[in-house]
Every structure is written in C-alpha cells, then in structure tokens.
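Some notes on the structure that comes next.
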Amino acid sequence: MSPSTNYSYLKPHTNQLDDFVSKKLMLMLHETFGSYKLVQWKVKPSTQRIKRPERKHPESQNSQAALRYHHMEILLKTLSNISLFLKLSSLEKINSEPIWKYYRGAKEILKLLKPIILNAILASDITSNEALSNAFEELCSSVQELLEQFESWQPVSSKVYLVLKVELLISKIRNSSLEVFQFLKSSVQHLPNDLSSITVEKIMHAGYEQTSSVIIEAIRDQLDTSEPSSEILVKIAESFSLNSNQETLIEAIALEKLKENAERAKKIVEVEFIGQLIALVTRMHHRLVSIKQSQTCSPVRIPPEFICPLSLELMDDPVIVASGQTFDRAFIKRWLDLGLTVCPKSRQILDHTICIPNYTMKALIAKWYESNNEKLLGPIKSMGLDQPYPPLETEVKKLVDALKSTSIDAQRDATAQLRLLAKQNRDNRIKIASCGAISLLVDLLYSPDTKTQENAVTSLLNLSNIDNNKIDIINANAIEPLIHVLETGSPVAKENTAATLFSLSVIEENRVKIGRSGAIRPLVDLLGKGTPRGKKDSATTLYNLSRCHENKVRIVQVGAVRYLVDLMQPSTGMVDKAVILLAKLATIFEGRSAIGEEGGIIPMLIEVVELGSARGKENAAAALLLLCTCRNRYCNLVLREGAIPPLLALSQSGTPRAKEKAQALVSYFRKYQHRSAGRG
C-alpha cells in the first residue's frame, strides 16, 4: 500500500472501515517497530554476546547448572542496563521535549523494576524456572533496546519515530513485568513488601499519556483519502514540540533518511509506514506556512523569493549555500550548527558549509524595501537592510589571495566560494576575472586535493560564460591542465572539464588549439566510460570540436564511433547527441569507413528515421545519405533493411532539412536500382 492508496471502495462499509484501517495501522506499527521476539543482548558494552547454552536432557545436572548460570546472566544484564539507563539523565541531548518527558516516564518504570530484579537474583532457586527466565529474557531485550534508543538519539533524529518506538517498548516492558510478577508470586512463598501488587500497579500506570493513538488517528484520516483535522495537527505539533518551521523540516529530513534506510533493507511495510509519517509532517509544515502567511500584518505583499525558507520571514542577511539556495544567514547557520548537511529546501547533500553573501538578493531586497518603506508595518522596519556588505571587489581580492596560500584548506574554501560567486551573475564573473583569479585557478587544476581541483575547474566553467574570459582562460594555458583533470579527476571534475572545453570551443580558433593539444582522446574515453552526465558533456564538446575539419579525423581515430553506437540505444537518453555526431563524422572518408565497419549501425539509423525525434530523424537521414552516395555497398544494406517506407514518410512530414535529405535518398535509390537493373 502506498501513501496514495485509495480505499474508496470501502466507503459503503463505513462500520467496518475504522476497524480495517486500525488493524492495518497496527500491523504497520508491529512490523515497523518489531514484534516481541528476543533480540540479542551484550554482556558488556563491547561486542561479546550472551549465548544460550545448548539444552540437554532435563535430568542432566550440568545442563541445569548451565541454564541457571545463563538465567543469572540475564538478570544481571537487565539490572546493568537499568542502571545505565538511569544515568542517561546527565546527557544534554535528551533534555529537549518530548524526549525528556518520555525519558522521565521510562525512568520511573525502570526504577520500580529494580527491586523485582534484585529479588529474583537473591532467590537463586527461581533461576531454574524456565518460564520465568523466558519472561526475563523478554524484559532484558526490551530494556536494552530502550537504552539503545535513547543513547543513539540526536537532536537531528526523528522525534516521532523515537516516541512511537519508545511507547511500544514501554508496553513490552509493562507486559513482561506483569508476567514476571505473576511467576514470582506463584513461585515464592514470601514476597517482600516492595514486590507487592501495589508496585506492579504503579508500573502499569506510570509514565505519560500515549501519543501513538493521535498519530494513528491522523494516518487513518490520510488513508481514508481525507486530511487530518487542524485539531489533530495542533495536538501532534504540541506533543512532539514541532512548533516551528525549522523543527518540522528537521523532522521531515530525519524521516526521509529512515525511509531510505528501510528501502535499502527492503523493509516494505516500514517504508510504507514512514511514508505516511512523512506525509503527515509535510501537512504540518504546510499548515505552519499558511499560518505564517496569514499573520503577516503588512499591506504590501513580500515577493516569495525574498522570504527565507527557514524563518519564513523577509531575509535580512541573504547568503547562498552549496546547493545554490538562498537563506537568511542567522537561520541557515543555526541549521548547519546542528550538524545538518542537507539543504532544507532542495534536500540536496551540501558539499560544504560555506555561506556566500548573495549581493544580488541583498540589493533587490533593499530596493524593494526602499520603494515600499512607508507602507511597511511591524518588525520588518527593524531589519538591518541599511547595513551593506563589504564591497564585492574587497571580498573577491581576499579570496584570490587565499588561492595563493600554501594551506590546502584555505585553497579549498576559497575555490568553493569563488565557484558559487561565479555561478551567481555576470558582474561577479567580470569582477573575479579582473582580480586575477583565472591564472591561479588554472594552476590549482593540478591540486592534489580532489575538492580543490573540482572547485577550480567548476569556477573556470562558470567564468567561461563570458567571451573575454574564454580568451583569458586559453591565454592562461589552461588546455593542458584541463586535460590533466579529464584524465585524473573525480567524476564531477571530469564532467565539468568537458563542459568547460565545450564553452571554450565556442570560439572557432580555440577548436584547433583544443584538438591539437590532445584533448580528444580523454574526451572520447569519457564518452565511453564516464557518468551519464559526463557522456553527454563529452558528446556535446566533441560535436563542437568536429566543426573543425582536422578534428573529425582525430575523433574517428581514437575510436569514438564504437561508443556512439552504444549510445544510440534509447535507454541512454543520448540518441540525438550520438546521431548528430555520427552525421558530422560521416562527412569524411575515415568516418564513413568506421561507421560501415560497426555492425548494426545502419539498422539503428533507419530506426531513428522511423521512430526518432524530429532532430534525430533529420541527422539520421543526413548520415544515411552520406553513406549511400559514397559507397554502393551501403545502398544495398539500407535497402535490405526496409528504409524506403520511413524515408518516404519523412520526405512528406519531416523538418525542411529532413525532407530534403529523405527526398534526396529516395531519388538516389531509384537511380541506383535503375542502374542495377540496366546492368542486369
């Protein structure tokens, strides 16, 4: 069942619907958080585990002794886990709500359990009772798991998931405690006062109001294709302390991580249940956004791009993070300080935690604020929009100086910031180039630090969007270092290097320089063995380079054609890029020979003529025309593959160029068949 499962067919049976959904939810909870099966426990905080001794004949004295020893270990381990749990109160990370509330409740129950465990240890004759020992095993398992849940808790973990898990474990502990007490009461002639029924009654009622029922009710509403009521969402928000936009975003990201782990482990029911929790938290987030919007007292509508995705307020100090998203500095810093490395808006993993001032956004907000100043009300007026950033040139010069540093960390940080600044806008690219960054970035293409190298080449890619910078990059002798990155860099660095070479090859004279420098072989290697994006960047660059006649021969000689054949499979998503390059290579003798020698390529070209995109049909027809008009044996192959019908269709309904190529091919085939018939 997916989160969008439709139960509308059950509508006529409304009396049974609640029962059905409740059972379904309980099954999801049961399978998600585990059954009452025993989990292994540790003898020490190390890796040793208690092993149940092999059971022998009941009359075996050694077997009974081993069993008693095993049962005693269970009791001691349970007592040890309880003691460790009671000491967790000193951990600062569990002092936030609702974690502290649930810890206090669990602590109260475990403190009541201690005398029961101690009594069982002292009553040595009890340890040979197998039924009682099994009950203690369940208890030990649950206490240990409870301890592990709180020990592993982090402020960026899911509150909802932890609470649901803890409530089920507390339920198990209560049930096991009742079972243990009943065995003790029936097995021991005299129970101490602290093991009276009053103690067990306290255990059964100690703790807190359970929240899982509210979650189940909300998910039941979702499964019933309706939305949870505002009252339920408010109650959940209060119960789990999810009252701010940032808190709900952290919860959603934590749940998404849990879902990914469950998907990898192929736990289908758990994936389904966590998906419902994510949908619920998402609704809570949307509710918070709506409330924030309704509370805005200003008569002037704030442009959405000026609002911080974390604070939901007008940004005071906009900065860009590694994902390219913009946030208010104070709020994104708080996010990053929690150890979160995921962009709260795009959910993209952040390569680094550097925050770059967004000068453009700052200026736009200031201009908007100035034009609406008299109309604005409330706290917006107190914002520090009149406090400018340091001049851009000053910041860039500092970063350029850092590129000269001998510290790898300084170089890595500086290249990361320049990479983002260069991505922002044209003015930044001009300023970075004018401050002398290009030659230093070229030098850093040889950096032994993978991230610095990747940042440097990506910065050059962004800078190359300006024609003058293209010339400066070539004049800085960048081609050879770029080839070095193509051959030795990370997958991302190789992708961006190919894209940089494409950008540089837009200038005609650069195509000759790049081709003669030896860049074509590593580009073809990337075409055949790179990532999907790397292959696309390589194919685009090779096509641009092939517009220089001498580069066509080089591309053919290093074996590009065989890779292009592989890329003509529809599953690659690169059919058009492969066909256009093949059509370009077919304009030379070496290219036609290589294409002809690759088995199966002609049927593929005919298939593109029949089923491909408009652009693909056009270039496939052009390639076939070049092949057939230059060598008769290709005519026979094309005719045998049944090319005439799709060519006739293309000659009537294709693009102007496609029609021209298709008509020329059909005309040529007629003449060819006429000549062949005459010779016969």
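Bear in mind that the values here come from a model prediction, so they are computed numbers and not experimental data.
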*asked:* When you compare the side chain of Asp409 with that of Arg412, does any pair of heavy atoms fall below 4.5 Å?
replied: yes

*asked:* Within the structure provided, determine whether Lys470 and Asn465 are in side-chain contact (heavy-atom separation under 4.5 Å).
replied: no

_Student check: side-chain heavy atoms of Asn477 and Val442 closer than 4.5 Å_ = no

*Gap separating the CG atom of Leu542 from the CZ atom of Phe502, nearest 0.5 angstrom*: 11.5 Å

*Ignoring hydrogens and angles, tell me if any N or O in the side chain of Ser157 forms a donor-acceptor pair with the backbone of Gln154 under 3.5 Å.*
yes

*asked:* Return the OG1 to CG distance between Thr541 and Leu526, rounded to the nearest 0.5 Å.
replied: 8.5 Å

_I need the minimum non-hydrogen distance between Leu445 and Pro481, along with the two atoms involved._
CD1-CB, 3.6 Å

*asked:* Are there over 12 heavy-atom neighbours, none belonging to Glu480, within less than 6.0 Å of that residue's CD?
replied: no

*Counting only heavy atoms not in Arg426, do more than 12 fall under 6.0 Å of its CZ?*
no

*asked:* Checking side-chain polar atoms at under 3.5 Å, does Ser490 have a donor or acceptor matched by the opposite partner on Glu454?
replied: yes

*Looking at Gly559 and Val524, what are the two nearest heavy atoms and their distance?*
C-CG1, 4.2 Å

*For atom NZ of Lys536, decide whether the heavy atoms of other residues, nucleotides or ligands shown that lie under 6.0 angstrom number more than 12.*
no

*Do Gln411 and Thr452 have side-chain atoms, one donor and one acceptor, less than 3.5 Å apart?*
no

*asked:* Contact between Gln246 and Leu338 at the side-chain level, heavy atoms closer than 4.5 Å - yes or no?
replied: yes

_Closest contact, heavy atoms only, Lys494 versus Leu486_ = CE-O, 3.2 Å

*Is there a side-chain contact between Leu444 and Gln453, using heavy atoms and a 4.5 Å cut-off?*
no

*Between Leu441 and Val457, is a side-chain contact (heavy atoms from CB on, under 4.5 Å) present by the stated rule, with each step listed?*
CA-CA 7 Å; Leu441 289 168; Val457 72; over 6 Å; no

*Just by distance, do the side chain of Glu251 and the backbone of Ser158 share a donor-acceptor pair under 3.5 Å?*
no

*Indicate yes or no: at least one non-hydrogen side-chain atom of Tyr359 is less than 4.5 angstrom from one of Asp427.*
no

*Which atom of Val342 lies closest to which atom of Trp335, heavy atoms considered*: O-NE1, 2.9 Å

*To the nearest 0.5 Å, how far apart are CD in Glu660 and CG in Leu625?*
9.0 Å

*Consider only side-chain N and O atoms of Asn619 and Arg657, and report whether a donor and an acceptor are under 3.5 Å apart.*
yes

*Ser464 and Asn469: side-chain donor and acceptor closer than 3.5 Å?*
no

*asked:* If only side-chain N and O atoms count, and only distance matters, is there a donor-acceptor pair under 3.5 Å linking Lys345 with Ser323?
replied: no

*Taking Arg347 for the side chain and Pro344 for the main chain, is one N or O donor matched with an acceptor at less than 3.5 Å?*
yes

*asked:* Quick one: does any side-chain atom of Glu247 pair with a main-chain N or O of Ser244 as donor and acceptor, under 3.5 Å?
replied: yes

*Could you tell me whether a side-chain N or O of Asn245 sits under 3.5 Å from a main-chain N or O of Pro309, the two making a donor and an acceptor?*
yes

*At their closest point, which heavy atom of Glu487 faces which heavy atom of Pro522, and how far apart are they?*
CG-CB, 4.0 Å

*Take the angle between the ring planes of Trp368 and Phe306 and call it parallel below 30°, perpendicular above 60°, tilted in between.*
perpendicular

*asked:* I'd like to know if the side chain of Ser651 reaches the main chain of Gln663, judged simply by a donor and an acceptor atom lying under 3.5 Å from each other, with no hydrogens or angles considered.
replied: no

*With the side chain counted from C-beta on, respond yes when Tyr563 and Lys529 share a heavy-atom pair under 4.5 Å apart, and no when they do not.*
yes

*Is Lys404 salt-bridged to Asp401, cutoff N-O under 4.0 Å?*
yes

_Within the 4.5 Å heavy-atom criterion, are Arg419 and Lys423 side-chain neighbours or not?_
no

_Approximate separation, where rounding is to 0.5 Å, of Cys308 SG and Arg329 CZ_ = 12.5 Å

*Do Glu618 and Thr655 pass the side chain to side chain donor-acceptor pair (under 3.5 Å) test, and can you show the C-alpha distance, the side-chain angles, and the key distance before you say yes or no?*
CA-CA 7 Å; Glu618 181 181 299; Thr655 65; 2.6 Å; yes

*Charged N to carboxylate O under 4.0 angstrom, Arg516 versus Glu550?*
yes

*Taking the six-membered ring of Phe331 (Phe, Tyr or Trp), confirm whether the NZ or CZ of Arg334 is under 6.0 Å from its centre and within 45° of its axis.*
yes

*When you look at Asn496 and Arg533, which way does the side chain to side chain donor-acceptor pair (under 3.5 Å) test go after all the steps?*
CA-CA 9 Å; Asn496 291 340; Arg533 182 185 161 193; 2.8 Å; yes

*Verdict with supporting geometry, Ser505 and Asn510, side chain to side chain donor-acceptor pair (under 3.5 Å)*: CA-CA 5 Å; Ser505 66; Asn510 288 348; over 6 Å; no

*Is the number of heavy atoms from other residues, nucleotides or ligands under 6.0 Å of Phe589 CZ greater than 12?*
no

*Donor-acceptor contact below 3.5 Å, side chain Lys362 vs main chain Asp316*: yes

*Looking only at heavy atoms, which two atoms of Ala583 and Leu626 are closest? And how far apart?*
O-CD1, 3.7 Å

_side chain to side chain donor-acceptor pair (under 3.5 Å) between Asp328 and Ser311, intermediate numbers included_ = CA-CA 8 Å; Asp328 208 344; Ser311 68; 4.9 Å; no

*asked:* If only side-chain N and O atoms count, and only distance matters, is there a donor-acceptor pair under 3.5 Å linking Arg429 with Asn468?
replied: no

_Whether Thr497 side chain and Ala493 backbone form a donor-acceptor pair below 3.5 Å_ = yes

*Between Asn551 and Ser546, is any side-chain donor less than 3.5 angstrom from a side-chain acceptor?*
no

*Dump the intermediate steps for salt bridge (charged side-chain N to carboxylate O under 4.0 Å, His left out) on Lys333 and Asp337, then the final yes or no.*
CA-CA 6 Å; Lys333 186 177 184 303; Asp337 287 346; 3.1 Å; yes

